[in-house]
Every structure is written in structure tokens, then in C-alpha cells.
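Each ligand, and each atom within it, is numbered from 1 in the order the structure gives.
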Amino acid sequence: MNKKSIKRAFCMFLIMSLCCLAGCGARQEAEAVSDIKEDDLIVVGFSQVGSESYWRNVNSESMRSVFTKENGYKLIFEDAQQKQTNQIKAIRSFIQQEVDYIVVAPVTEAGWDTVLQEARDEGIPVIIVDRMVDASSDLFECWVGSDFELEGRKMCEWLRWFCVKNNILAEDIYIADVQGTIGASAQIGRTKGLEAAAEKYGWNIVAQADGEFTRAKGYEVTQQLLKRNPKINVVYCENDDEAFGAIKAIEDAGKRVGSNIKGGEIMVVSFDGVKPEALQDVLDNSISCIVECNPFHGPRVEAIIRKLQNGETPQKYEYVDEDMFSAHEEIESVVVDSKQYPVTRITQEVIDRRIMEFDSGDYGDQAENVY
Ligand code: GZL
């Protein structure tokens, strides 16, 4: 910890102690907070991918909600519009501003060594969040995010059991893979899970294309793939925004979305499960299965910074537990690497409860630490 951080840590301690000792109420606390000088705040520079999806917007809100002046922070938030060059510029700007911490949600895995080394040379700790960087692990303090390949494997186990329980032959499965931003960990892992399962179970992946994790591109890509491959009967969307576009493209092509593959319907499966609209699509059987991807990284990153402020060493890699959603009750769970993952059967009550959880910020967030 540099001198500035020590001073700020002491300031945070002082505010909390004074409030506790004085048993102050909200008004006094507000006065205590307003007395905090800018210079005493812990400055966090956050380089965010962009605003390409509902998931991303919820992720951004999760970060903004914890890095507040009330909590002793000043957040410098930079939206990169999905361009790595903008993220690198932002990180260099954070270094120039001598922030206390740099948090990066990297748009893709490659190309970070140089700028992370620059931050390291200036003694500024870096925390990677969400996707991973393909860089030496001593260039960042720790990483918080999801196991994307596991997400893909869970989805494919669900599809496998769906086929088994509905007597659909593997060779009769023709998959269009609407990928996420090429080179992003979420795309790499979800695609890898699909490709391995197709190889193992004998499914046909007839087409793969970059859907950029957006609704518009998901529509455009699905429309093109359906035209070229009339046999497609499963559209594997690597996030919900792509799935929303894919559903419209399938319907605009005069085809039916649904799980009745034998009856000529085209099945859509997806990842995220954040937007209530996506869970409604699961209830309506427009999306047959969603593997959840937890966007609430803010509290976990803030806890890491507190540990670093206190001179503690946080876990290097921190994953979260993630759920699965389907309206199909014939598959109650899937097993990957001998571990069982339950599938939550979507009902209107489940949807209503999750909306309430989101609104109250009580979203389930059991961090599972993996070294
Ligand atoms: C996953 C995240 C992905 C989401 C998409 O952690 O990186 O990026 O699945 C988002 O919705 O755009």
C-alpha cells in the first residue's frame, strides 16, 4: 500500500468509527460523508467493455452501486464501446491520474501485457473482472468471473439429455452457433463446450458466426445462417441478447421457435438469464434452456479492494455459482466432471421472485473460491 492509500484507509476507518461511537443517524452520517475530502477517497479506475447487452448494463450498475463516495470511493468509469484500444487508452489515463486501483473487464483475452506492465511499473494494483486476459498472472492481483467453458458444458449436457429423453438421434441435430465477440473468454469457453460436446455426442455444427453479444447482430447472423442451412434445428446463442434477435429472425423466416424439434420447430438455447424478458421466453418455450451468467461482480471486487487495503491477500481466482433455467421438467439437473448442477424449472413465481431480488439487490451471490 502506498502512503496515499494508507491515509485513505485511515480516513475510512475514522468515519466508520465516529459514526459508530456517536451512534449517529442518517443525517450525521451524511454530514460525515460530505466532510470526506476528495483526496481522502480511494480512487478506482474501471475500464468497462461497453453496453452491448443487458448483462453488461447490470454489471456496470453493480460496480457503480458499490464504488460510491459513501463507501469511501471515487469511481472513474470508462465505457470502451467494445474496443480494446479504448480500454488501453483508459488504463493509461488511470495511470496518469495515479488512481489507487485499476479494474478491467477485458473485451478480449489477447493484447494486455504491455499496458498491464505499465500499471505494475507504477505500483497500481489491477483487478481483472468478468472475462480473462491472456497475460502473465503476476500482472494482475486477482480475477473475478465465470467459468465459461463449464457454462458451455452444462448447456450441452442439458441438450444431450433433452435428446435422450425425447428420442432424438444425435445425427438429427443440426446446430448454428451464434458466437459472442470472437476472442472474448465468454465466447471461447461457450464455443469450446459446444464443439467438444458435438464431437462427443455426434451432433452436427453446421455453422458458426460472430453475433457480437448483441440483439441486432444475433438477428442478422441467424437470418443468414438459416438461409444457407435449412437443416438447422438448434440455434446455440452465446448470450440472451443474441437469442432475442435469433428468435425474431426464425419467426421472420416463417419458421417456428420451440423445443418440438421432431415437429419442425427450431430450438433456441442461450446464456446469461439476467433480463426478465429472457426468463419469460423460457416460460413461453421460445428459449428452451438458459445457463445463468452472474453479472453482480461489484460487491466481490469491492471486497477484494478492502482486503488489499488491509494488507491481506485475496484469492487469485474467484468464480461464482451459476444456475440453469428451463421449462422442461424432464431434466432436473446435469452432471459435469462428477458435479451435479440443478436446473431451476421456470414458473411465473420464479420470474417474479428474481425481479424482486434484483430490485432489492439480494441476488444470490455465493462466491466459490477456486485457486
Ligand atoms: C459474460 C460476459 C458476456 C455476457 C454477455 O461474463 O462477458 O458479455 O454473457 C456480455 O451478455 O455481453
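Under the 4.0 Å criterion applied to side-chain N and carboxylate O atoms, Glu349 and Arg353 are not assigned as salt-bridge partners. By the 4.0 Å N-to-carboxylate-O rule, Lys248 lies too far from Glu251 to be salt-bridged with it. Salt-bridge check for Glu238 with Arg190: failed, with every basic side-chain N at 4.0 Å or more from each acidic carboxylate O. Salt bridge status for Glu157 with Lys154: absent, with no side-chain N to carboxylate O gap under 4.0 Å. In summary, Arg92 and Glu118 engage in a salt bridge, as defined by a charged side-chain N under 4.0 Å from a carboxylate O.
Among the candidates Asn239, Asp241, Asp130, the single residue satisfying the side chain to side chain donor-acceptor pair (under 3.5 Å) test with Arg56 is Asp130.
Applying the 4.0 Å criterion to heavy atoms of Arg190 picks out, from ligand 1, the atoms 1 (C), 9 (O). Under a 4.0 Å criterion applied to the non-hydrogen atoms of Phe148, ligand 1 contributes the atoms 1 (C), 6 (O). Less than 4.0 angstrom separates some heavy atom of Glu52 from each of these atoms of ligand 1: 8 (O), 10 (C), 12 (O). Shown in contact with Arg56 at under 4.0 Å from a heavy atom are these atoms of ligand 1, numbered in order with element: 2 (C), 7 (O), 8 (O), 10 (C). The contact set between ligand 1 and Asp130, taken as ligand atoms under 4.0 Å from a residue heavy atom, comprises 1 (C), 2 (C), 6 (O), 7 (O). Residue Cys293 has at least one heavy-atom neighbour below 4.0 Å for each of these atoms of ligand 1: 1 (C), 6 (O).
Of the N or O atoms in Ser146, none lie within a sub-3.5 Å distance of an N or O in ligand 1. Taking any N or O of Ser53, backbone or side chain, at least one lies under 3.5 Å from an N or O belonging to ligand 1. Where the criterion is an N or O separation shorter than 3.5 Å, residue side chain and backbone included, Asp241 fails it with respect to ligand 1.
Among Glu322, Glu151, Arg131, the residue whose heavy atom lies nearest to atom 3 (C) of ligand 1 is Arg131.
Partners of Asn166 by side chain to side chain contact (heavy atoms under 4.5 Å, CB included), not counting sequence neighbours, listed by chain and number: Phe162, Ile168, Glu330. Applying the side chain to side chain contact (heavy atoms under 4.5 Å, CB included) rule to Ala243 yields the partners Cys237, Val268, Ser270, Ile287; only residues at least two apart in sequence or on another chain are considered.
Neither the backbone nor the side chain of Glu242 has a heavy atom within less than 4.0 Å of ligand 1.
Looking only at heavy atoms of the protein, atom 4 (C) of ligand 1 is closest to Asp272 OD1, 3.4 Å.
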